[in-house]
Amino acid sequence: MVVTIKNFAFTPADLTVAPGTVITVTNQDTTAHTLTATGKEFDTGTLEPGKSATITAPTTAGSYPFICTIHPFMKGTLTVS
Ligand SMILES: [Cu+2]
């Protein structure tokens, strides 16, 4: 599973994965971003342009909203089921 950040948006913004799935987050934008769960269950930390990081989906089923902490208008939801 890959999430791409481009033009100040997550693609896909809403995704559903199995518990514990490793997700690669790639920043293809020209500015730094993060992918951070609002409950801090996962966090890429600051991703500079062109960089990637992995996060691991929680092992508990549920819905986990996430944002970019640098640009909080960037939003998405990770669903674990
Ligand atoms: Cu951002």
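Both counts, for ligands and for their atoms, begin at 1 and track the order of listing.
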*Residues that Ala61 engages under side-chain contact (heavy atoms from CB on, under 4.5 Å), provided they are two or more places apart*: none
*asked:* I'd like to know if Val80 and Met1 are part of one continuous hydrophobic network [Ile/Leu/Val/Met/Phe/Trp/Tyr, side-chain heavy atoms within less than 4.5 Å].
replied: yes
_Minimum side-chain heavy-atom gap Leu15-Val3 below 4.5 Å_ = yes
*Do Val25 and Ile5 come within less than 4.5 Å of each other through their side chains, counting heavy atoms only?*
yes
*Is the Phe10 to His33 ring centre distance short of 6.0 Å?*
no
_Short of 2.8 Å from the Cu ion (ligand 1), name each protein N/O/S atom, waters not counted._
His33 ND1, Cys68 SG, His71 ND1
*Measure the CZ-CG distance between Phe42 and Leu35 for me, rounded to the nearest 0.5 Å.*
6.5 Å
